[in-house]
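Keep in mind that this is a model prediction, so the values were computed, not measured.
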Amino acid sequence: MQDSTPFLQLLGISKKFGSVTALSKVSLSLHQGEILALLGENGAGKTTLMNILFGHYVADSGSITLNGKELPSGSPRHALKAGLGMVHQHFTLADNMSVFDNITLGTEPLFAFRRKKSEAIRKIKDLINAYELDVDHRSLVKHLSVGQRQRVEILKALYRDTRILILDEPTAVLTPQESEHLFATLRLLVDKGLAIIFITHKLKEVIGVSDRCLVLRHGVVTYEHRTSETDMDTLAREMVGGEVPKVEVLPGAPGETVLSLHMVSACDRHGFSLLHEASLHLRSGEILGIAGVSGNGQGHLADLISGLLSPSSGSFELLGEEVVRLGPVDMVRRGVGRIPEDRTGTGLIGDMNVQENLILENYWKKEVSRYGLLKASFMKKNSEEITSRYDVRCGGEELPVRMMSGGNMQKLILGRVLSEKPSVIMANQPTWGLDVGAATFVHSQLISASRSGAGVIIISEDLDELFKVADVIQVMYQGSLSAPIQPSATNAREMGLAMSGHLDVFTMVSPEEACHAA
Amino acid sequence: MRLEPREQSSMVLKAMVPLGSAAAALLVCSVLIVWADASPVEAFFLFIKGSVGTRFALSETLARTIPLIFTGLAAAIAFKAKLWNIGAEGQLYGGACIATWLGTGMIDLPGWLMLPLLFSTGALVGGLLLLGPTLLKTWLKVDEVVTTLLLNFIIILLVNYLVFGPWKDPMAMGWPQAKGVVDAAVLPTILAKTRLHMGIFWALASALLLWAFMRFTTWGYQIRAVGFNPVASRFVGISVNSVVIRTALISGGLAGCAGVSELCGLKGYLTLDLSPGFGYSGIVVAMLAALHPLGVVVSAFFVAMLSIGADSMSRSLNISNFIADVATAVSLLAVLVSMLLARYKIRWR
């Protein structure tokens with residue numbers, strides 16, 4: 001290693017929340033000039049560990065030493081002062097301010113007669129040049145691409161003289177090309193003496209960019225190794241704690257078209273374009289993956305099919321019938337199953353219990369309520385059936401569902417949707433934030449639903465996921481959809497190009513051809 | 001100092017909430033009583049005696065419970081849907097006005113028809129008074145806290161005009177009050193020589209009905225869904241605006257009933273002291289009950305006990321009866337703080 005004494009050392013960190021052990025005797029060391037990948041599933045304790053490092057939580061035991069000095073626990077101010085910087089997965093930038101203002105915000109004294117602007121600009125320009133963080137300090141953040149915004153976040157940290165940079169799932173919002181660019185930047189940063197902790201669950205990136213890797217599982221460090229001497233299979237096994245469950249993808253047999261969009265555009269109330277001439281054909285028995293960098297209209301496409309958004313032009317056909325101004329209830333009635341992106345915010349009502357959440361989409365049906373009275377017997381039977389069939393583990397049917405884990409919430413929504421036997425399923429980011437076990441369950445349920453005749457749309461920002469389960473993929477960029485392409489006929493590079501706006505990369509193959517190739 | 005969420009609130013902790021808050025409220029009020037040169041022990045004894053200690057005291061407390069149940073329910077259902085109805089006071093007077101208009105000789109009906117008519121028209125007027133602010137909220141996003149609160153003053157000034165002007169009873173020796181309601185419109189007392197009237201059954205029935213409504217009907221289900229999570233409600237196709245408007249009609253209606261019941265059961269005629277702020281106390285009642293309709297009955301009794309007991313105590317000890325208001329406020333704060341402490345723990349550093 002570069003240096004025998006570690007720059008940052010965490011020793012025997014333990015933390016309990018009530019009776020739950022979040023971290024147990026976790027030790028970690030980080031040297032200058034090194035990239036450490038911190039791996040682990042959701043709930044493994046990565047976030048808790050970082051929160052302790054930054055002083056947001058106080059560890060029950062253990063110590064943090066930075067540059068030979070002990071860091072006082074529970075003091076975010078000391079952590080920042082000692083040179084810790086973090087780039088969050090969800091950026092913390094003010095959209096309506098310039099890059100310069102975003103970077104310097106909070107670093108200036110409150111009572112100064114004059115801002116030393118030229119000096120600050122010089123410093124930022126130096127940083128931009130030194131680390132090849134190509135971004136203009138005068139432009140407004142709202143005009144920047146996601147990759148550029150991330151660079152602003154990194155600049156923000158560097159401007160504060162960060163010596164240890166922590167990145168939380170930094171590639172989740174990037175195209176493959178943008179990720180490559182980020183990795184190059186990170187290498188440059190460590191070459192100049194920074195130390196980096198890279199939090200991720202994507203194994204490919206760990207192998208690609210890190211020097212060392214550390215796996216957390218259930219709050220315990222289960223594996224620590226030099227990256228060059230390990231491989232993805234080992235890491236996957238260590239992360240999951242056993243063999244990685246495999247999704248069995250049965251061959252599909254696409255049938256009739258169940259849903260089709262032809263040149264559909266949609267606008268919001270202010271005339272701002274949400275969808276632009278998007279076309280797709282979904283057949284029964286088929287899984288259509290929608291790829292794209294987040295915020296390119298995937299949510300609006302989901303809203304359209306969920307009955308929350310009406311097209312302003314183009315044609316929208318569902319099961320051979322034209323859809324005109326249909327609301328969510330009509331869509332459900334016509335056999336559309338909807339799995340929204342935000343489980344807690346949109347899919348479920350956290351303060352209601354399992355029984356009540358399970359009838360959200362069908363409480364108006366005859367078997368659920370009559371004369372305006374809910375049928376308690378149905379609700380009970382329904383929830384018993386669904387929780388056992390979809391393996392939903394809840395502390396009790398009377399407890400509010402916000403107490404449940406993300407995986408169980410998603411199973412609950414999945415159960416609610418699939419038990420209605422929908423002919424179209426619209427799943428927006430169905431495995432986002434789930435651990436491997438739950439994600440595999442969701443995938444296999446969606447696959448089996450499609451193989452028994454439903455048309456399934458999966459919107460995902462995770463290309464690997466789509467390559468794994470989708471029969472056909474379309475890329476979304478600024479409200480438009482590319483032509484469909486089969487995963488076997490393309491690669492990550494082409495997908496990345498399409499995701500950054502070159503939607504025509506697939507049109508070498510005509511849409512008709514791709515549609516009927518299978 | 002900072003708050004950290006507790007993983008789980010134990011049963012012991014939950015049981016401590018009412019006890020702890022009662023003790024805290026008692027302690028704070030004792031300080032005030034000592035300050036007013038009286039003995040807290042004697043004061044406490046007089047307080048209990050004056051609120052529930054005698055047949056008359058208990059009847060007074062129960063009579064005071066009636067309007068508080070109505071306004072408490074009005075606040076509870078509105079808050080459940082996140083509709084911040086601060087206008088129960090005005091809606092109460094609205095209900096009382098229509099009952100005065102219809103019930104002082106305008107129409108002639110037997111009692112079994114008259115009272116239901118007065119209650120339903122009172123509820124209608126109360127509901128309509130809340131409908132305006134609610135439509136402004138749903139159409140134009142006008143904040144209903146402001147509009148409902150200010151509407152109170154408009155309505156109370158209107159009542160002022162009525163009892164000093166066109167409705168002034170010439171037989172009242174110059175007092176600003178309207179004519180008394182006809183005999184058929186009187187809610188009879190149920191206990192001889194007390195002011196406890198039939199309104200208590202109307203109030204209890206309302207609480208029971210509202211509880212069943214919220215729990216067993218699809219409308220109640222929609223109201224809870226919208227209040228907890230409007231985004232999810234919209235996603236499943238519940239029309240949030242229409243649910244909020246329906247809730248407003250029910251909430252305003254319940255507040256209107258409070259006015260009718262006070263007018264026909266207790267006062268008999270419309271005056272400006274028909275309600276010493278029952279509309280506002282209803283908010284306290286609802287919060288203490290954690291918005292549970294049956295809990296409202298209990299907390300309404302508790303708040304009534306506080307005001308009747310403290311009134312009686314201050315008269316006996318000759319100390320300011322503002323102690324009663326302070327006691328109510330302190331107990332509410334104590335309960336809210338202890339509910340917070342049951343969910344979070346304090347970390348000093």
Side-chain angles (χ1 to χ4, degrees), chain A residues 16-20 22 55-58 72-75 302-303 306-308 326-333 338-352 355-357 359-365 368-376 379 395 399-403 413 416, chain B residues 1-14 79-82 139-141 209-243 246-247 250 290-292 342-349:
Chain A
K16 273 183 163 190
F17 290 111
S19 56
V20 185
H56 297 311
Y57 290 153
V58 180
S73 62
S75 166
D303 283 353
S306 302
L308 298 165
L326 289 186
V329 173
D330 306 296
M331 289 308 224
V332 171
R333 194 174 281 154
R338 308 159 320 139
I339 300 173
E341 178 179 11
D342 184 356
R343 290 186 272 277
T344 44
T346 316
L348 297 171
I349 294 181
D351 287 302
M352 286 187 159
Q355 291 187 2
E356 291 169 318
N357 269 289
I359 59 161
L360 266 174
E361 285 188 296
N362 65 1
Y363 70 90
W364 39 267
K365 283 193 178 164
V368 192
S369 65
R370 184 173 271 181
Y371 314 121
L373 292 174
L374 294 169
K375 291 182 178 169
M379 286 168 67
L399 282 180
V401 298
R402 68 183 144 82
M403 317 281 271
I413 296 177
R416 182 172 83 198
Chain B
M1 178 190 131
R2 62 195 254 178
L3 295 172
E4 265 190 18
R6 289 179 201 270
E7 286 295 295
Q8 268 174 325
S9 304
S10 68
M11 287 314 286
V12 180
L13 209 62
K14 280 182 184 155
F79 291 4
K80 203 82 189 171
K82 300 267 155 71
W139 286 348
L140 301 170
K141 298 197 169 30
L209 269 175
L210 192 68
W211 170 75
F213 172 81
M214 292 301 278
R215 201 183 152 99
F216 299 117
T217 68
T218 48
W219 278 28
Y221 177 73
Q222 288 177 335
I223 291 174
R224 284 185 293 137
V226 165
F228 284 137
N229 189 340
V231 176
S233 303
R234 209 167 289 129
F235 177 74
V236 300
I238 297 173
S239 164
V240 173
N241 283 352
S242 89
V243 169
R246 253 181 266 161
T247 311
I250 300 173
L291 309 186
H292 193 290
R343 287 200 296 145
Y344 296 91
K345 60 182 163 203
I346 297 179
R347 222 191 173 100
W348 301 96
R349 45 166 207 188

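Around CH2 of Trp219(B), the count of heavy atoms belonging to other residues, nucleotides or ligands within 6.0 Å does not exceed 12. With a 6.0 Å radius and a threshold of 12 heavy atoms from other residues, nucleotides or ligands, Lys16(A) has its NZ atom at or below the threshold.
The most heavy-atom pairs under 4.5 Å with chain B, out of Gly327(A), Ser306(A), Gly345(A), Ser369(A), come from Gly345(A). In terms of heavy-atom pairs under 4.5 Å with chain B, the best-connected choice from Gly347(A), Pro340(A), Gly350(A) is Pro340(A).
Considering every non-hydrogen atom in both Phe228(B) and Ile349(A), the closest pair reads CB-CG2, 3.4 Å. Looking at every heavy atom in both residues, Phe235(B) comes nearest to Pro328(A) through O-CB, 3.3 Å.
Trp211(B) is linked by a side-chain contact (heavy atoms from CB on, under 4.5 Å) to Arg215(B), Phe216(B), His292(B), Pro293(B), Leu294(B), counting only residues two or more places apart in sequence or in another chain. Lys82(B) meets the side-chain hydrogen bond (donor to acceptor under 3.5 Å, both in side chains) test with no other residue; sequence neighbours excluded.
No donor-acceptor pair closer than 3.5 Å links the side chain of Tyr363(A) to the backbone N or O of Gln222(B). For Asn229(B) (side chain) and Thr346(A) (main-chain N/O), no donor-acceptor pair under 3.5 Å exists by modelled atom type.
Residue contact with chain B, scored on non-hydrogen atoms closer than 4.5 Å, involves the backbone and the side chain of Ile359(A) alike. Using a 4.5 Å cut-off between heavy atoms, Leu308(A) touches chain B through its side chain atoms alone.
The distance from atom CZ of Phe213(B) to atom CG of Leu373(A), rounded to the nearest 0.5 Å, is 10.5 Å.
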- Message: Before you tell me yes or no, could you show the steps for Leu360(A) and Tyr221(B) under side-chain contact (heavy atoms from CB on, under 4.5 Å), namely the whole-Å CA-CA distance, both residues' side-chain angles and the distance that decides it to 0.1 Å?
- Response: CA-CA 9 Å; Leu360(A) 266 174; Tyr221(B) 177 73; 3.6 Å; yes

